[in-house]
> 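Below are the structure tokens for one structure; questions will follow.
First the proteins, then the strands, lettered A, B, ... as listed; each starts at 1. Hydrogens, waters and symmetry mates play no part in the numbers below; they use all other heavy atoms, side chains included.
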Amino acid sequence: MQRFVHALECAPVLAVTGYVAGTHYAIIITMLDPKLVRENPEKIKQELQKRNQEFDFGPFLEIEKQRLSLVRESDELRENRNKVSEEIAALKRRKQDASTLIEQMQGVATRIKELEERQKNTEQKAREFLLALPNIPHESTPVGKDETENVEVRKWGQPREFDFPALNHWDIAEVLGIIDFDRAAKIAGARFAVMRGAGARLERALMNFMLDLNTSKGYTEVFPPILVNAESMTGTGQLPKFEMELFKTADPLFYLIPTAEVPVTNLHRQEILEEEKLPIKYTAYTPCFRREAGSYGKDTRGLIRQHQFNKVEMVKFVKPEVSYNELEALTNDAEDILRKLELPYRVMALCTGDIGFSSAKTYDLEVWLPGQGKYREISSCSNFEDFQARRADIRFRRTGKKGTEYVHTLNGSGLAIGRTVVAILENYQQKDGTVTIPDALRPYFGADKIG
RNA sequence: GGAGGGGUGGCCGAGCGGUUUAAGGCGACGGUCUUGAAAACCGUUGACCGUUCACGCGGUCCGGGAGUUCGAAUCUCCCCCCCUCCGCCA
């Protein structure tokens with residue numbers, strides 16, 4: 001029941017296959033800081049144990065030792081080569097014989113090539129190891145083995161008391177004729193829906209409502225491509241591990257985004273941002289596409305788990321020292337949507353055993369669904385710290401300081417539209433089968449009820 | 001799909017095998033001059049890896065990859081991206 005927005009990050013850890021993006025520029029594909037891992041293996045190992053995952057750092061450290069000595073040796077040889085090449089150039093300019101030096105350098109060239117080959121080899125191995133390491137949980141992330149040990153942080157709103165049996169959203173929708181699952185199955189397949197009439201309008205009203213609310217808080221609206229290349233999927237961490245969760249096109253190859261996080265975070269891939277531009281805040285509406293492989297039998301009915309769904313996302317690029325304040329603010333912004341819609345919800349701090357691969361801390365927002373008598377995930381707000389930024393190479397420069405640092409990236413749904421439709425239908429259903437529309441949504445919806 | 005042009009430092013732009021350790025310009029920063037500013041003049045001006053307590057030193061980077069060579073921004077091959085025109089289509 002927990003997994004929705006971050007289903008991707010929570011898929012079982014697969015073997016890393018040494019994926020190499022078909023790329024026209026080099027991607028930095030480390031995740032945790034290699035130097036940090038090399039120098040504090042015991043500490044990292046302990047931190048990752050909180051996720052119930054064991055890693056053997058021995059082979060990695062051995063490889064790194066080899067790699068560094070190769071780097072040193074080939075750097076020295078190259079230094080020598082550069083110097084001698086200059087001498088050769090000088091001799092030739094004076095029309096003197098340089099054949100002895102040239103002969104010497106032939107051997108050096110061979111040796112350098114050999115070392116480069118071995119260096120590349122060790123780099124690849126080290127990289128594979130680092131790629132498989134998940135992010136280190138933040139100290140405030142509760143330690144726990146799985147979703148049963150997530151911690152409820154706060155609760156808002158009182159679930160409504162019904163004087164009639166509360167229906168599931170698909171039953172409500174059927175009576176109203178606003179969602180057509182059967183015809184969706186005909187034209188596409190299972191896990192698709194046709195929104196119709198007031199249903200389609202509700203979907204559209206929610207998008208606009210959420211985007212307007214987010215932009216009023218300083219988020220810049222973007223409408224990005226929903227097909228992206230392999231580099232972008234690698235930058236945010238969907239590739240190589242979670243390829244099975246993605247839809248893709250055949251020729252040419254593009255990936256359909258599973259969340260707006262992918263194109264929006266990648267907006268600044270391989271950029272160095274100026275300090276005064278931060279924080280950068282984006283909000284984006286996009287359709288999202290997920291294979292939902294491995295979730296057979298889960299939420300097969302209704303709108304909860306679809307191959308295609310709409311979502312409004314929020315993404316932030318911030319300075320490291322403020323990222324946890326920004327996470328609280330981001331979560332509050334997502335909560336604000338639920339409060340304005342007057343939908344009861346609770347906020348869960350995911351425990352170390354349940355947070356996503358790239359996340360250091362995650363809050364899930366769970367909305368009350370009377371039809372199921374349960375709270376269900378409707379938003380997931382995460383701080384990735386520098387984990388994604390390192391991978392996607394997004395840095396910033398402090399004004400007046402030399403050098404660069406990685407930004408911290410955060411994102412959260414605000415909100416998943418389909419699940420918001422579910423929540424409205426179930427929470428606002430009336431005895432006569434109609435559904436009233438929350439006050440805040442009426443200007444967007446253009447009516448005060450459905451039916 | 002067809003034809004052509006192009007990818008060089010924050011930006012513009014030269015370079016087409018060895019005084020390029022990437023010319024020159026713009027911008028930015030520091031200084032001189034000035035009551036202050038402008039102008040002028042002088043200087044500085046990236047990223048990454050390794051090494052060092054530090055100053056520094058070394059290496060790599062001219063779209064990406066492979067090759068030729070003692071030596072590649074410069075030559076060869078493959079790939080990617082951008083632009084222009086034609087065709088086709090929304």
> For L273(A) and G10(B), give me the distance from atom CG to atom C1', rounded to whole Å.
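Spelled out: CG on L273(A) to C1' on G10(B) is 13 Å.
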> Give a yes/no on whether any side-chain N or O of K83(A) is located under 4.0 angstrom from OP1 or OP2 of C70(B).
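So the side-chain polar atoms of K83(A) never come under 4.0 Å of the phosphate oxygens OP1 or OP2 of C70(B).
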> Check the surroundings of atom CD in E174(A): do more than 12 heavy atoms from other residues, nucleotides or ligands lie under 6.0 Å from it?
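Counting other residues, nucleotides and ligands, CD of E174(A) stays at 12 neighbours or fewer.
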> Under 3.5 Å for both donor-acceptor distances, Watson-Crick or wobble: does U60(B) have a partner, and if so which one?
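Looking at the geometry, U60(B) pairs with A47(B).
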> Distance check, P atoms only: C29(B) and C83(B), in whole angstrom units.
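C29(B) and C83(B) have their P atoms separated by 33 Å.
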> When you check the gap from the basic side-chain N to the acidic O, do E73(A) and R67(A) get nearer than 4.0 Å?
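No, this pair does not count.
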> Reckon N82(A) has a side-chain N or O less than 4.0 Å from the OP1 or OP2 of G59(B)?
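Looking at the OP1 and OP2 atoms of G59(B), one of them is under 4.0 Å from a side-chain N or O of N82(A).
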> Need the pair for A3(B). Rule: Watson-Crick or G-U wobble, both distances under 3.5 Å, any strand; none if unpaired.
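Looking at the geometry, A3(B) pairs with U84(B).
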> Quick one: look up who A73(B) pairs with, Watson-Crick or G-U, both distances under 3.5 Å, and put none if it's unpaired.
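Paired with A73(B), as far as the under-3.5 Å criterion goes, is no nucleotide at all.
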> Would you mind telling me which of V315(A), L211(A), N214(A), L213(A) makes a side-chain contact (heavy atoms from CB on, under 4.5 Å) with Y219(A)?
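Going through the options one by one, the only one that passes is N214(A).
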> Taking U76(B) as the reference, what is the distance to C16(B) when you measure between their C1' atoms (whole Å, please)?
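Looking at atom C1' only, C16(B) and U76(B) are 14 Å apart.
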> Atom CD of Q104(A) and atom C1' of C70(B): how far apart are they, to the nearest Å?
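Taking atom C1' of C70(B) as the reference, CD of Q104(A) is at 10 Å.
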> Pick the P atom in G1(B) and in U20(B), then give their distance to the nearest Å.
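Between the two P atoms, the distance is 44 Å.
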> With both distances kept under 3.5 Å, what pairs with C26(B), Watson-Crick or G-U wobble?
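Answer to the pairing question: G10(B), which forms a Watson-Crick or G-U pair with C26(B).
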> Both A90(A) and M105(A) contact RNA chain B. Taking the nearest nucleotide for each, which residue is further toward the 5' end?
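Result: A90(A).
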> Rounded to the Å, how far apart are E79(A) CD and U21(B) C1'?
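Taking atom C1' of U21(B) as the reference, CD of E79(A) is at 14 Å.
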> Under a 3.5 Å limit for both distances, which nucleotide forms a Watson-Crick or G-U wobble pair with C55(B), could you say?
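In the structure as shown, C55(B) has no Watson-Crick or wobble partner.
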> Return the value, rounded to whole Å, for the distance between atom CD of E87(A) and atom P of G71(B).
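After rounding, the reported distance stands at 15 Å.
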> Do the side chains of R38(A) and D33(A) get close enough for a salt bridge, i.e. N-O under 4.0 angstrom?
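No, this pair does not count.
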> Please determine, for U20(B), whether a Watson-Crick or G-U wobble partner exists with both distances under 3.5 Å, and give it or none.
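Partner of U20(B): none found under 3.5 Å.
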> Does a side-chain N or O from R72(A) land closer than 4.0 Å to OP1 or OP2 of U60(B), or not?
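For R72(A), the contact criterion (side-chain N or O under 4.0 Å from OP1 or OP2 of U60(B)) is not met.
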> Tell me what L101(A) touches on the nucleic acid: a base, only sugar-phosphate, or nothing, going by heavy atoms under 4.0 Å.
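No contact at all - L101(A) keeps every heavy atom at 4.0 Å or more from the nucleic acid.
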> Between A72(B) atom P and K113(A) atom NZ, what is the distance in whole Å?
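Rounding to the nearest Å, NZ of K113(A) and P of A72(B) are 10 Å apart.
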> Nearest of G18(B), U60(B), G50(B) to any side-chain atom of R38(A)?
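For the R38(A) side chain, the nearest candidate turns out to be G50(B).
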> For I112(A) and U60(B), give me the distance from atom CD1 to atom C1', rounded to whole Å.
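Rounded to the whole Å, the gap is 12 Å.
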> Could you give the CG-to-C1' distance, from N80(A) to G59(B), as a whole number of Å?
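These atoms are roughly 13 Å apart.
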> From the options G18(B), G50(B), A47(B), select the nucleotide whose nearest atom is closest to the side chain of I272(A).
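Nearest nucleotide to the side chain: A47(B).
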> Under a 3.5 Å cut-off for both distances, is C33(B) Watson-Crick or wobble paired, and to whom?
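Matched C33(B) with nothing under the 3.5 Å cut-off.
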> If you assign A109(A) and E117(A) each to the RNA chain B nucleotide with the nearest heavy atom, which residue ends up on the more 5' nucleotide?
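The 5'-side residue here is E117(A).
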> Report, one line per pair, each donor and acceptor closer than 3.5 Å where one atom sits in a side chain of residues 187-200 of chain A; sequence neighbours left out.
{"residue": "R191(A)", "atom": "NH1", "partner": "K298(A)", "partner atom": "O", "Å": "3.3"}
{"residue": "R191(A)", "atom": "NH1", "partner": "D299(A)", "partner atom": "O", "Å": "3.2"}
{"residue": "R191(A)", "atom": "NH1", "partner": "R305(A)", "partner atom": "O", "Å": "3.1"}
{"residue": "R191(A)", "atom": "NH2", "partner": "S295(A)", "partner atom": "O", "Å": "3.0"}
{"residue": "R191(A)", "atom": "NH2", "partner": "K298(A)", "partner atom": "O", "Å": "3.0"}

> Taking NZ, NE, NH1 and NH2 as the nitrogens, is one of them in D182(A) or K186(A) under 4.0 Å from a carboxylate oxygen of the other?
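Not counted as a salt bridge, because no side-chain N and carboxylate O are separated by less than 4.0 Å.
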> Quantified in whole Å, what is the C1' atom distance between nucleotide C49(B) and nucleotide U44(B)?
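Roughly 25 Å separates the two C1' atoms.
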> Which part of the nucleic acid does S74(A) contact within heavy-atom distance under 4.0 Å: base, sugar-phosphate only, or nothing?
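S74(A): no heavy atom of the nucleic acid under 4.0 Å.
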> Say we look at C77(B) and A22(B): how far apart would their C1' atoms be, to the nearest angstrom?
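Going atom to atom, C1' in each nucleotide, I get 26 Å.
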> Counting C-beta onward and ignoring hydrogens, is there a side-chain heavy-atom pair between E313(A) and T286(A) closer than 4.5 Å?
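The answer is no, as the side chains (C-beta and beyond) never meet within the 4.5 Å cut-off.
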> For C80(B) versus C41(B), give the span between their C1' atoms, rounded off to a whole number of Å.
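That atom pair is separated by 46 Å.
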> With a 4.0 Å limit, can you tell me whether R397(A) has a side-chain N or O closer than that to the phosphate oxygens OP1/OP2 of G46(B)?
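The answer is no; no side-chain N or O of R397(A) sits under 4.0 Å from OP1 or OP2.
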> Mind checking R111(A) for me? I need base, sugar-phosphate or nothing, with any heavy atom below 4.0 Å counting as a touch.
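Counting heavy atoms under 4.0 Å across all strands, no contact is made by R111(A).
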> Let's test your reading of the model: under 3.5 Å, does the base of G50(B) pair with the side chain of D75(A) as donor and acceptor?
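Check fails, no donor-acceptor contact within cut-off.
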> Can you tell me how far P of U60(B) sits from CZ of R67(A), to the nearest Å?
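From R67(A) CZ to U60(B) P: 16 Å.
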> If we take the C1' atom in both G67(B) and C89(B), what is their distance in whole Å?
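That atom pair is separated by 42 Å.
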> Taking only Lys NZ, Arg NE, NH1 and NH2, and the carboxylate oxygens of Asp or Glu, determine whether R111(A) and E114(A) approach each other closer than 4.0 Å.
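E114(A) and R111(A): salt-bridged.
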> What nucleotide among G59(B), G50(B), C70(B) has an atom nearest to a side-chain atom of L68(A)?
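Nearest listed nucleotide: G50(B).
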> When you measure from the side chain of V71(A), which nucleotide among A47(B), G18(B), G50(B) comes out closest?
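From the listed options, G50(B) comes nearest.
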> For a quick test of reading the model: is some side-chain N or O of R395(A) closer than 4.0 Å to OP1 or OP2 of C48(B)?
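Indeed, a polar side-chain atom of R395(A) lies that close.
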> Determine the Euclidean distance between corresponding P atoms of G18(B) and A54(B); express it in Å to zero decimal places.
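Taking atom P in both A54(B) and G18(B), they lie 39 Å apart.
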